[in-house]
Structure formats: C-alpha cells, structure tokens
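Everything below concerns the one structure shown next.
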Amino acid sequence: MEKGETTVSAPGKFILFGEHAVVYGEPALALAINLRIIVNARISKNGYFSVNGQSLDRNRNRFIKKAIELYWDGPPLELISTSEIPNASGLGSSAAVTTATVAALLNLRGITSEKEIAESAYEVEYEVQKYGSPTDTSTSSHGGGILLTREPAENELWNIRHGDQDWHINHIDVPELTIVIGHSGFGSSSAKQIAKVHRFVESNSFAREVIRDIGSLTRSGIGYLRDGNKQRIGELMNRNHNMLAILGINTVELQHLVDAVLPFSYGAKLTGAGGGGCIIALTDKPEEASMAIKRVGGKPIIVKSSTQGVIFH
Ligand code: PMV
C-alpha cells in the first residue's frame, strides 16, 4: 500500500444481554460478529473529500464526516467503504463504520492504540446521535466480547468518561458460538425506543424492577458464557427477551421470529433497541433455524462470535 493509504476493517455486534438496562447503570454484554465494514482511506488526487466516489455528504456520511471533523486535519481524503452489516438493524453498522473510519484516520497519523480508537469512535458516535452507551464502538474496536459496567470490574480494558457518565469496558472470554440472526425487515430507531423505555421507567416502579432484574441476569450470564454453557445461556436469552417485551420494545414480527426459531435453538431474544431490527438465536442447527426464520418472512444471517476487533489490513 502507498504511503498515505490505509485499509482498516471493524466488526458489527449484537447485544447478548442487557440492552436498555445498560442505560440505567446495569451491565451489558455484547459480542462482535464476523460481519465487517472495510474502509480504505487515501490522500485524494481530486483535492476534495469523497466517499465511494461521491463527495462527502453531511446527510449520507454523517459518521464519516464527523470523524474527519474531529480527527483529521490533513489533506482531503478519498474513502471507500464496503459493508456486510445491514443498516438500522441493531447490528452495530454505524458503530462499525465509525470505528473503521476513526481507526483509518488515526492510523494515517501513526496511531494504532485500541483504546484511543474506541474512545474516539465513541466521541464521534455520540456527537452524531447525542445518546447511547459506548457498547457498540468498544465491541467493534476490541472484538470478542465486552462487558460494560459502571464500576471497575475484572479484566478492564479502558474506561470512557462522558459528561457525568463513567463507563468501564471489560474484556470477556467468548467461545465460538453459532448465532442465527433473524432480521424482521423493519428498521428501528434506537432513540425512539430508548425514549419509550425511559417514559415507562420514569413513571413505573415495576419497570425499574425489570431493569434491575435484567442487570442480575446479565451478571449471571458472564460465567455461563465463559464456560460455553449453551443450555444456560439460552435460558437466560429467553428470560431476557420476556423482560424486554415487558418494557414494551418487542413487536409482533420479532415475536414470530423468536417463536419460529425456538424449536431449533437453546434460546432466542430480540437484540438491540427493539421495535424492529433483529432477533438472535443460539443454535447448533443454523440451517433449520434459518429455514424457520424464512418461513415467517424474516431474513436469516448465520454468524459466529469470537471475532477480531479492528484489523489493519
Ligand atoms: O440499536 P443498538 O443495537 O445500538 O442498541 C441500543 C442499545 C441500548 O441499550 C438500547 C442503548 C445503548 O446505547 O446501549
């Protein structure tokens, strides 16, 4: 590769346990998946910034544009990005494009620190979205599995401060698991779902109890994940799904997908913000689970956990 050129990739993710509860101080456990976004960046010959052959656009390239604003003061760049991660589905595509872009920009400046990439990627994501935890960007940077907590925990990788928030990002050992993702075909707005849960939690002590229960469940999931105890992980996934349904973010389509895969799975749940997007199923029968998803109108994707974070190619 020429000087002034770099190619970087970063993975998507799914949340195994703890989405939404993490917004209220509970832990969350997220795993990187072997679907990636690749970004190639090089000094532009045309004298302006471009992405995939078109000039950098405020609406189309919100994350890339913000990354450049915050972390690049060199000459214009030409970026090419290719993605295997479906958009707006809770699989971390925004975080992966942000992480890969930030890693490319930092690498062109001679910086390859995982911590710096994760911190900077979170800054970009936050600046664009104005909400959310660093779960996605940290998982995309580090790969494997991460546990996000509000207090220092074992195997801390780094902590990220933002305003009065303090997040601890901890490494989790993850065995290779086969997960079938079922895409409902509906996009989901994380901001809307977060606001919906917020209204419920503010006004209802039962909702606050559910949030705490999700926290305990996530904590018990750590050991099962480390031991690769699929039976137990599956049981917790089912329970976590039901709790998320109580919080009001399940949909008819997501429930159809969960019901369809359960006969072929250890467990299944919606993943991410909900209200659309995807379910995940832990299974040893990915083909059967995929067929079941198709039968109820969903789009299956078979993925593996235990994948690398940022890779400099
Ligand atoms: O849309 P996703 O997959 O990034 O999930 C959002 C997860 C929440 O817990 C609802 C919010 C967050 O930033 O952690």
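For ligands, and for the atoms within them, numbers begin at 1 and follow the listed sequence.
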What protein heavy atom sits nearest [atom], and how far off is it?
atom: atom 7 (C) of ligand 1; result: I15 CD1, 3.8 Å
atom: atom 1 (O) of ligand 1; result: S190 OG, 2.6 Å
atom: atom 9 (O) of ligand 1; result: H20 N, 2.9 Å
atom: atom 6 (C) of ligand 1; result: A273 N, 3.9 Å

Is the closest basic N to carboxylate O distance between [X] and [Y] below 4.0 Å?
X: R219; Y: E26; value: yes
X: E116; Y: R109; value: no
X: E69; Y: K65; value: yes
X: D166; Y: R161; value: yes

Report the part of [X] (side chain from C-beta onward, or backbone N, CA, C, O) that has a heavy atom under 4.0 Å from ligand 1; answer both or neither where that applies.
X: S133; answer: both
X: E125; answer: neither
X: L91; answer: neither

Enumerate the atoms of ligand 1 whose separation from the nearest heavy atom of [X] is less than 4.0 angstrom.
X: G272; answer: 3 (O), 5 (O)
X: G90; answer: 3 (O)
X: E19; answer: 9 (O)
X: K13; answer: 2 (P), 3 (O), 4 (O)
X: G132; answer: 13 (O)
X: I194; answer: 10 (C), 11 (C)
X: V22; answer: 9 (O), 14 (O)
X: D136; answer: 4 (O)

So, the side chain of S93 versus the backbone of S89: is there a donor-acceptor pair under 3.5 Å, distance only?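 Absent.
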D227 side chain to N229 main-chain N or O, any donor-acceptor pair under 3.5 Å?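 Side chain of D227 to backbone of N229: no pair is present.
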Look at the rings of Y126 and H162 and say which category their plane angle falls in: under 30° parallel, 30 to 60° tilted, over 60° perpendicular.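 Taking H162 first and then Y126, their aromatic rings sit tilted (interplane angle of 30° to 60°).
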Listed once per pair and sorted, the salt bridge (Lys or Arg N to Asp or Glu O under 4.0 Å) pairs that draw on residues 197-208, sequence neighbours left out: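 Pairs touching residues 197-208 that pass the test: none.
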Contact check: G18 vs ligand 1, nitrogen or oxygen atoms, below 3.5 angstrom: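 Min N/O separation from ligand 1 is not below 3.5 Å for G18.
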To the nearest 0.5 angstrom, please state how far the CD1 atom of I214 sits from the CD atom of E209.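 CD of E209 is found 12.0 Å from CD1 of I214.
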Output the distance between atom CG (N46) and atom CD (E78), rounded to the nearest 0.5 Å.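 Taking CG in N46 and CD in E78, the distance rounds to 5.5 Å.
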